[in-house]
Structure formats: C-alpha cells, structure tokens
Amino acid sequence: TANAFSAELPPIMQLVKKTLEEKKFLVSPECTDYLYIPDNEPGVDVVNVVEKHGGSCSGDPQTQPRLFSVSVGKKTHKMKSDINDPEDGTLSPLPET
C-alpha cells in the first residue's frame, strides 16, 4: 500500500534534489525539503529549497524557512539559483561545484 510519503517527486524536483545532493550544496539533506512551483514564468519551473523541521530535524515544525530557490528551464533543464545570496534573490547559474 502506498502512503502520501511514498509519492514520487515531480521530475524537476527530482533533478534539483539530485543535483544539490551530488554537488554537496546542502548542509543537512535529511532536513531539507522542496516546494515545487510549476510555470513560475513561461517555460520556467521553480523549486524553493526549505528547511524541514520536526522529527530528527530541529526547529519549529510549523515553519519551513526558505534557504534558496532554483529555477529550471523546462526545455534545457538549465538551473539558476540565488544560493549565493538568497536575501537579494538575484538568480545566477548554479555553481558547478
């Protein structure tokens, strides 16, 4: 039997999660969650990377502070992010390492 937690992530979210984990951009991958915003602008999806609280993750379980965002071109899958300056929100190509 399937439950809500076994549902597969949309492909764009899977791509962002895999990329961030492979490049070791996340301090605590197990305490990180993803909020998918399809068609944030024409041809671009956005994934907000947020803190996951509760269980073994510290913090108020009622909150999910945004760490940074990643925009993904639907056709090219090129990623831009404000990972270097989430307060400013200026997107630049996701660093290679």
Side-chain angles (χ1 to χ4, degrees):
T1 61
N3 63 34
F5 299 106
S6 66
E8 278 213 22
L9 298 174
I12 293 293
M13 284 177 63
Q14 289 179 31
L15 178 66
V16 169
K17 181 179 189 298
K18 180 176 183 253
T19 301
L20 295 176
E21 288 179 1
E22 282 179 355
K23 294 180 185 250
K24 308 218 182 301
F25 286 141
L26 303 172
V27 175
S28 301
E30 67 283 356
C31 292
T32 303
D33 211 349
Y34 303 87
L35 302 175
Y36 181 52
I37 306 167
D39 299 313
N40 186 60
E41 53 187 78
V44 177
D45 291 336
V46 168
V47 176
N48 284 331
V49 182
V50 298
E51 292 178 19
K52 179 166 64 174
H53 295 166
S56 61
C57 302
S58 64
D60 179 354
Q62 300 297 314
T63 65
Q64 288 188 305
R66 184 181 79 91
L67 299 169
F68 57 91
S69 298
V70 179
S71 73
V72 184
K74 285 187 174 192
K75 290 184 181 171
T76 64
H77 289 168
K78 287 193 177 179
M79 296 185 203
K80 291 183 177 181
S81 177
D82 61 358
I83 190 170
N84 292 324
D85 194 354
E87 294 295 316
D88 178 21
T90 301
L91 299 176
S92 54
L94 198 62
E96 289 300 315
T97 47

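Basis for what follows: all heavy atoms, side chains included, without hydrogens, waters or symmetry-related copies. The structure presented is a predicted model; accordingly, all values stated were derived computationally and were not measured.
The hydrophobic cluster containing L15 also contains L94, counting ILVMFWY residues as joined when their side-chain heavy atoms lie under 4.5 angstrom apart, directly or transitively. Tracing side-chain contacts under 4.5 Å through hydrophobic residues (I, L, V, M, F, W, Y), one never reaches F68 starting from V50; they form parts of separate clusters. At a threshold of 4.5 Å between side-chain heavy atoms, the hydrophobic network of Ile, Leu, Val, Met, Phe, Trp and Tyr places M13 and V72 in one connected group. No chain of hydrophobic side-chain contacts below 4.5 Å, direct or via other Ile, Leu, Val, Met, Phe, Trp or Tyr residues, connects L91 to I83.
The CD atom of E87 lies 7.5 Å from the CZ atom of R66; values are rounded to the nearest 0.5 Å. Interatomic distance, Y34 OH to Q14 CD, rounded to the nearest 0.5 Å: 11.5 Å.
Shown here for E30 and K52, the closest heavy-atom pair between the two residues is O-CE, 3.2 Å. P61 and G54 get closest at one heavy-atom pair: CB-CA, 4.2 Å. Of all the heavy atoms in K17 and L9, the pair that sits closest is CD-CD1, 3.8 Å. S28 and T32 get closest at one heavy-atom pair: O-OG1, 2.8 Å. In terms of heavy atoms, G89 sits closest to D82 at CA-OD2, 3.5 Å.
Residue pairs that meet the disulfide bond (SG atoms under 2.5 Å apart) test with at least one member in residues 9-68, sequence neighbours left out, are C31-C57.
Side-chain contact check for I37 versus N48: some heavy-atom pair is nearer than 4.5 Å. Side-chain contact between T19 and H77 is absent, with no heavy-atom pair separated by less than 4.5 Å. Residues L26 and V49 are in side-chain contact: their nearest non-hydrogen atoms beyond the backbone lie under 4.5 Å apart. Within the 4.5 Å cutoff, side-chain heavy atoms of P65 are placed close to those of H53.
No option in V47, V16, V46 other than V46 meets the side-chain contact (heavy atoms from CB on, under 4.5 Å) test with S71.
Although no hydrogens or angles enter the test, the distance criterion places a donor-acceptor pair under 3.5 Å between the side chain of D45 and the main chain of D39.
More than 12 heavy atoms of other residues, nucleotides or ligands shown are found within 6.0 angstrom of NZ on K74.
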Query raised in the report: Do L35 and Q64 pass the side-chain contact (heavy atoms from CB on, under 4.5 Å) test, and can you show the C-alpha distance, the side-chain angles, and the key distance before you say yes or no?
Result: CA-CA 10 Å; L35 302 175; Q64 288 188 305; 4.1 Å; yes
